[in-house]
Amino acid sequence: MSTLWAFLLLLSLISSTLLLPVVTRLNERPIIGILAQEVTDDVFLPFGKTYIAASYVHFLESAGCRVAPIQFPGMTSCRGLNLSEDKYVKLFKSINGILFPGGAVDLLTSDFARTAGIFFKLATESTSDGKDFPIWGTCMGFQVLTALAAGKNLLERMSAVNISLPLNLVNDVSSSRMFQNASPELLNILQHENVTANFHHYGITPKSFLENKNLSSFYRILSTNFDRDGVEFVSSIEARNFPIYGVQWHPEVNRFQWNKGEAYPHSVDAIRVSEYMADFFVNEARKSFHSFNSEKEEEQSLIYNYVPKYTANISGYEQAYFF
Ligand SMILES: *[C@@H]1O[C@H](CO)[C@@H](O)[C@H](O)[C@H]1NC(C)=O
Ligand SMILES: *[C@@H]1O[C@H](CO)[C@@H](O)[C@H](O)[C@H]1NC(C)=O
Ligand SMILES: *[C@@H]1O[C@H](CO)[C@@H](O)[C@H](O)[C@H]1NC(C)=O
Ligand SMILES: *[C@@H]1O[C@H](CO)[C@@H](O)[C@H](O)[C@H]1NC(C)=O
Ligand SMILES: *[C@@H]1O[C@H](CO)[C@@H](O)[C@H](O)[C@H]1NC(C)=O
């Protein structure tokens with residue numbers, strides 16, 4: 001009996017000194033920023049200068065977080081000026097992650113790309129300091145993530161608009177962070193069913209990806225695909241040493257975009273894929289403990305302060321927020 005007692009005591013000592021610190025404390029009230037982008041499409045011009053499609057908001061919210069729209073503080077009124085980064089730093093320290101959505105602005109010179117670059121720099125510095133700050137890029141957001149690491153735009157013209165595909169996952173994908181929690185069943189779905197929607201005129205080939213040392217040392221390729229002409233493109237990546245993730249495809253459309261003229265996958269399995277990706281990224285954001293200075297500041301930053309416009313009759317998005 002006394003040996004058992006000693007054993008239990010030892011066990012509790014080990015667990016309190018060794019095991020407990022390993023259990024990661026998580027933020028149960030994460031707030032994730034979504035970067036707005038310049039309106040370039042004529043049909044959106046009457047509504048505002050920048051926008052965020054509501055499907056990205058729903059995508060994140062569905063996994064249990066709140067969303068803060070990230071506009072271009074101080075930039076929209078004075079384009080081209082080199083403004084202080086203070087406003088971004090303050091915002092960065094308030095949110096727990098950021099999503100760069102798809103769209104159509106310049107990868108290097110747009111306000112979207114420049115703001116993405118500021119958050120990219122702050123995120124990598126913070127993570128190097130031991131404070132994880134995750135970034136997710138979808139489609140154009142993915143492309144911006146590659147340009148930021150490469151130091152240049154490596155995109156090539158491709159034919160991959162309106163096509164849903166299975167992913168060609170790399171062999172050791174289960175060692176990736178992005179897919180390590182995917183069940184064998186989900187991996188099978190991802191590899192064999194048309195569950196990833198592609199809407200891009202440009203892409204990056206595995207060849208130019210691997211040849212650019214800036215890029216290939218920073219990110220690891222998790223999947224590739226072939227476009228309509230048989231040209232291979234990189235479709236999913238994750239940074240080797242940072243919680244930075246990018247997909248050339250659109251996990252949000254499976255659940256939140258419904259235009260019948262677009263190849264949005266809505267099968268039961270496609271819904272599961274979308275859920276998995278949202279859960280994955282929002283869980284990454286739970287590792288960040290940034291917070292707003294006050295409850296009032298937090299409230300005012302949230303997307304709930306804005307009313308989306310109905311846009312299903314003029315675009316592929318059901319709704320969009322304009323700023
Ligand atoms: C903006 O100004 C800061 C401080 O003066 C400087 O360090 C930075 O290189 C400038 N950035 C650009 C893009 O000109
Ligand atoms: C790597 O990035 C640096 C800094 O952005 C850039 O000057 C250099 O040209 C890049 N190298 C390659 C191979 O693209
Ligand atoms: C998946 O999409 C491809 C390309 O559009 C098509 O050829 C194929 O039949 C689709 N597969 C299924 C199972 O729907
Ligand atoms: C997009 O793909 C869907 C499904 O394959 C098809 O019904 C639709 O006509 C396509 N739209 C365009 C504009 O090609
Ligand atoms: C789209 O729908 C909105 C809201 O119902 C309506 O006000 C607008 O006139 C419509 N636009 C077009 C081009 O049909």
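When a ligand or atom number is given, it counts from 1 through the structure's own listing order.
- Put simply, the residue from Q248, E156, R157 that forms a side-chain hydrogen bond (donor to acceptor under 3.5 Å, both in side chains) with Y202 is R157.
- Placement of Y317 and F112 in two distinct hydrophobic clusters is found when ILVMFWY residues are connected by side-chain heavy-atom separations under 4.5 Å, directly or transitively.
- Summary of contacts: the protein heavy atom closest to atom 14 (O) of ligand 2 is N212 ND2, 3.0 Å.
- At least one heavy atom of S164 lies less than 4.0 angstrom from ligand 3.
- Using bins of under 30°, 30° to 60° and over 60° for the plane-to-plane angle, the ring pair F199/H250 lands in the perpendicular bin.
- For ligand 3, the atoms sitting less than 4.0 Å from at least one non-hydrogen atom of N194 are 1 (C), 2 (O), 3 (C), 8 (C), 10 (C), 11 (N), 12 (C), 14 (O), numbered in the order shown with element in parentheses.
- Under the 4.0 angstrom criterion for non-hydrogen atoms, K152 is in contact with ligand 2.
- Regarding atom 5 (O) of ligand 2, its nearest protein heavy-atom neighbour is G151 CA, 3.8 Å.
- Listed by number with element, the atoms of ligand 2 under 4.0 Å from a non-hydrogen atom of A150 are 1 (C), 2 (O), 10 (C), 14 (O).
- Residues L215 and L210 are members of one and the same hydrophobic cluster, defined by side-chain heavy-atom contacts under 4.5 angstrom among Ile, Leu, Val, Met, Phe, Trp and Tyr.
- Regarding atom 4 (C) of ligand 3, its nearest protein heavy-atom neighbour is I163 CD1, 4.4 Å.
- For Y310, no nitrogen or oxygen atom sits less than 3.5 Å from a nitrogen or oxygen atom of ligand 5, counting backbone and side chain alike.
- For atom 11 (N) of ligand 3, a protein heavy-atom neighbour is present inside the 4.0 Å cut-off.
- What sits closest to atom 8 (C) of ligand 5 on the protein, heavy atoms only, is N313 ND2, 3.7 Å.
- Contacts between I314 and ligand 5 below 4.0 angstrom, taking non-hydrogen atoms only, involve the side chain exclusively.
- Annotation: atom 3 (C) of ligand 2 to nearest protein heavy atom, N214 ND2, 3.5 Å.
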request  = Could you go through the ring-ring contact (aromatic ring centres under 6.0 Å, His included) check for F233 and F209 one step at a time?
outcome  = CA-CA 9 Å; F233 62 88; F209 186 101; over 10 Å; no

message = Evaluate T224 against E232 for side-chain hydrogen bond (donor to acceptor under 3.5 Å, both in side chains), listing each step before the verdict.
response = CA-CA 7 Å; T224 62; E232 194 172 19; 2.8 Å; yes

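- Using cut-offs of 30° and 60° for the angle between ring planes, the F120 and F218 rings count as tilted.
- Looking at W249 and S236, their side chains do bring a donor and an acceptor atom within 3.5 Å of each other.
- Contacts between P166 and ligand 3 below 4.0 angstrom, taking non-hydrogen atoms only, are absent altogether.
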ask   = Between Y245 and R177, does a side-chain hydrogen bond (donor to acceptor under 3.5 Å, both in side chains) hold up when you go through it step by step?
value = CA-CA 9 Å; Y245 306 92; R177 297 184 305 277; 2.8 Å; yes

